[in-house]
2 protein chains.
Amino acid sequence: MAVRLDEKPAGEARQRKPRARNSPPRSPVTRQSARATRNSEIVYRDLRDAIINVTLPPGTSLVEKDITETYGISRTPVREAILRLAEERLVDVVPKSGTFVARIPVTELQEAIVARKALEEVCVREATAKASKSQLMALRAVIQRERELAEAGNEQAFHEADNAFHAGIASAGGYPGIWTMIEKIRVQVERYRRLTLPQDGRMEMIVAEHAAVLDAIEQGNADAAVAAMTSHLNKLQIDIGTFQDLWPDYFLFDVK
Amino acid sequence: MAVRLDEKPAGEARQRKPRARNSPPRSPVTRQSARATRNSEIVYRDLRDAIINVTLPPGTSLVEKDITETYGISRTPVREAILRLAEERLVDVVPKSGTFVARIPVTELQEAIVARKALEEVCVREATAKASKSQLMALRAVIQRERELAEAGNEQAFHEADNAFHAGIASAGGYPGIWTMIEKIRVQVERYRRLTLPQDGRMEMIVAEHAAVLDAIEQGNADAAVAAMTSHLNKLQIDIGTFQDLWPDYFLFDVK
DNA sequence: CTTGCATAACTAGTATACAAGATATTTTAC
DNA sequence: GTAAAATATCTTGTATACTAGTTATGCAAG
């Protein structure tokens, strides 16, 4: 079953070839829009959203052939999408057997929250030190938008604005990439969070907490800003017990 | 070019099907060893190592067909490997054109180091609070092993022991998964680091710094432990200027 | 010699056929 | 009727042929 590796040094992939036919692109961003419309990308996004929204709950069977028919495309792009999901631990693929939406790893949840707090703390502290006036104004605008969306009761858009606030803090701190890291770390937590019913006044509370963070930043009080952010993120603290009763099969405990 | 999405709600992948032929596996880890021997996995590891070791420098062209012939396998598993690398931003794949080893994103380097410091700080602090005696003994053993490997001049094994120390700290703090996160974040930094020539006495210095961290942990002095770890990680600080002269095409600046 | 263009060669994206193993179903023996 | 074995039917893994777009190359015109 294993590959033939007998006579080769492994990892030597055309280097000596003197031709060097085409040079690497200076800006690899060029075709990024094209990439977004690739079939595998579409399938990936759809499935990923459905899994995170718990539209596809843990344990659901994903059959490549079915997805193939749904989208009217072949297995190759579908497979690519599923492999990406497997890497994010959103699905488990069992060779020659089946692919299933993965359970939510409880241990990972705790660690993800801890990690996020640590990273956001850095961002907030740095943002306090070196945010530009325009960045602060932009953050104010985001909070105002949150307020409007909360009033309108638009959960989805509010959620996006919420993310924009945190991304903005990271940018203001000079570490936009750290928000990207947080987003990757956050995936499983998000699945958990979507199981909780929207609570009354939750959005208003978030707006107030964001405002407290920004206030402290504007006052140049880094410690207060960090404290406000930490307090804000502490609300994410998970209480698995409740959900274990409701959906016992949704969670994975023995991550080992 | 785009997929047919006309009449479907997107993301509805067999859910109502009452059959539920096979239930999801209780322990998805079962076949993990099998996964490790999959062809795409082998190609992935080989290429990844070569890219991180800078055996395959940025800009190198990777041609699926060539790799296919090298390993004596078909394009499918090769493609899977390359797609995984693309996701880690280790390669840039330009549709219908070519695949190239990605340049090292300079901006990302700084952020990765900052993020790592933040995460390691949490681990060290927590490890000070709740490391078990056996965990501390294991860490001592790792340091001793580092000392022996430094003496023997075994760079590769030392490097692994180095990682084991940091992983051990994370475990002792109760957050083994955070080390996994760090490893993902660290990839590009590692490429940069491999460009630096091995410096005399570097290994010995690392051993001493690790010992300082562990000493503070054993004394229950969290602040000192964190300070020691931060000081240790500060040695990673990058000085891009030097390398920009030597290999100007290895780095990407305008990440945008 | 330079420039523009047609053309050929080569790339990754996709579709599809087949292989190998796991699970479900049926059949058979008792 | 029950249990075990044989068989059919699923699944994902792999190989390969084909498509469509990109880049290089050579030729012709100026």
Side-chain angles (χ1 to χ4, degrees), chain A residues 1-4 13-14 17-28 30-44 60-86 91-101, chain B residues 1-4 13-14 17-26 28 30-44 60-69 71-86 91-101:
Chain A
M1 185 201 196
V3 74
R4 289 197 277 117
R14 112 130 53 151
K17 218 155 192 175
R19 187 157 53 90
R21 178 173 156 261
N22 39 12
S23 54
R26 270 292 163 188
S27 62
T30 319
R31 237 166 290 277
Q32 196 140 3
S33 61
R35 191 187 163 200
T37 61
R38 271 178 45 200
N39 288 347
S40 69
E41 185 72 18
I42 297 172
V43 176
Y44 168 74
T60 308
S61 166
L62 296 180
V63 180
E64 291 178 3
K65 184 161 165 280
D66 291 3
I67 302 173
T68 275
E69 291 166 2
T70 305
Y71 286 87
I73 60 180
S74 80
R75 272 184 62 204
T76 308
V78 172
R79 256 183 87 66
E80 288 178 4
I82 287 181
L83 287 170
R84 286 177 69 181
L85 295 170
V91 303
D92 293 322
V93 28
V94 184
K96 316 298 174 82
S97 172
T99 301
F100 307 92
V101 176
Chain B
M1 186 200 195
V3 75
R4 288 197 274 117
R14 111 132 50 152
K17 218 157 194 174
R19 187 158 53 90
R21 179 173 155 263
N22 40 12
S23 55
R26 269 292 161 190
T30 319
R31 238 167 290 278
Q32 196 140 2
S33 61
R35 193 189 162 198
T37 61
R38 272 178 44 200
N39 289 345
S40 69
E41 185 72 18
I42 297 172
V43 176
Y44 168 74
T60 307
S61 166
L62 296 180
V63 180
E64 291 179 3
K65 183 160 166 281
D66 291 4
I67 302 173
T68 273
E69 290 165 2
Y71 286 86
I73 60 179
S74 80
R75 271 183 64 203
T76 308
V78 172
R79 256 182 87 66
E80 288 178 4
I82 287 181
L83 287 170
R84 286 176 68 180
L85 295 170
V91 304
D92 292 321
V93 28
V94 184
K96 316 296 175 80
S97 173
T99 301
F100 308 92
V101 176

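Within every chain, numbering begins at 1; the chains are lettered A, B, ... in the order of the sequence lines, protein sequences first and strands thereafter. Quick caveat, the model's predicted, so the values are computed rather than measured.
Regarding Arg79(B), its CZ atom lies at a distance of 15 Å from the P atom of dT14(D), rounded to whole Å. The nearest whole Å value for the distance from the NZ atom in Lys96(A) to the P atom in dA22(C) is 8 Å. Here dT14(D) presents its C1' atom at 13 Å from CG of Leu83(A), a figure rounded to the nearest Å. Rounded to an integer number of Å, the gap from NZ of Lys65(B) to P of dG13(C) is 17 Å. If you take CD1 of Ile42(B) and P of dG13(D), they are 15 Å apart, rounded to a whole angstrom. Separating the CD atom of Glu41(A) from the C1' atom of dG13(C) is a distance of 14 Å, rounded to the nearest angstrom. Protein atom CD of Glu80(B) is 14 Å distant from nucleotide atom C1' of dT14(C), rounded to whole Å. In this structure, CG of Asp92(B) is placed 18 Å from P of dT11(C), rounded to the nearest angstrom.
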- Message: Run Asn39(A) and Tyr71(A) through side-chain contact (heavy atoms from CB on, under 4.5 Å) and show every step you take.
- Response: CA-CA 9 Å; Asn39(A) 288 347; Tyr71(A) 286 87; over 6 Å; no
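Closest of all the heavy-atom pairs between Val93(A) and Ala86(A) is CG1-CB, 3.9 Å. Nearest heavy atoms, Tyr44(A) versus Ala81(A): N-CB, 3.6 Å.
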Write out a two-atom table: protein N or O, nucleotide N or O from nucleotides 15-18 of chain D, distance below 3.5 Å.
unit_1: dA15(D); atom_1: OP2; unit_2: Ser74(B); atom_2: N; d: 2.7
unit_1: dA15(D); atom_1: OP2; unit_2: Ser74(B); atom_2: OG; d: 2.7
unit_1: dA15(D); atom_1: O5'; unit_2: Ser74(B); atom_2: OG; d: 3.4
unit_1: dA15(D); atom_1: N7; unit_2: Thr76(B); atom_2: OG1; d: 2.7

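Annotation: side chain of Thr99(B) is not in contact with side chain of Leu85(B) (no heavy-atom distance under 4.5 Å). A heavy-atom distance below 4.5 Å is not found between the side chains of Ile73(A) and Ile42(A). The shortest side-chain heavy-atom distance between Ile67(A) and Ile82(A) falls under the 4.5 Å cut-off.
Residue contacts for Ser40(B): at a heavy-atom cut-off of 4.0 Å it reaches no nucleic acid atom on any strand shown.
Contact between the side-chain N/O atoms of Thr99(B) and the OP1/OP2 oxygens of dT11(C) is not found at any separation under 4.0 Å. Distances shown here put every side-chain N or O of Ser97(B) at or beyond 4.0 Å from the OP1 or OP2 atom of dA12(C).
Under the side chain to side chain donor-acceptor pair (under 3.5 Å) criterion, Ser40(B) pairs with Arg38(B), Glu80(B), sequence neighbours left out.
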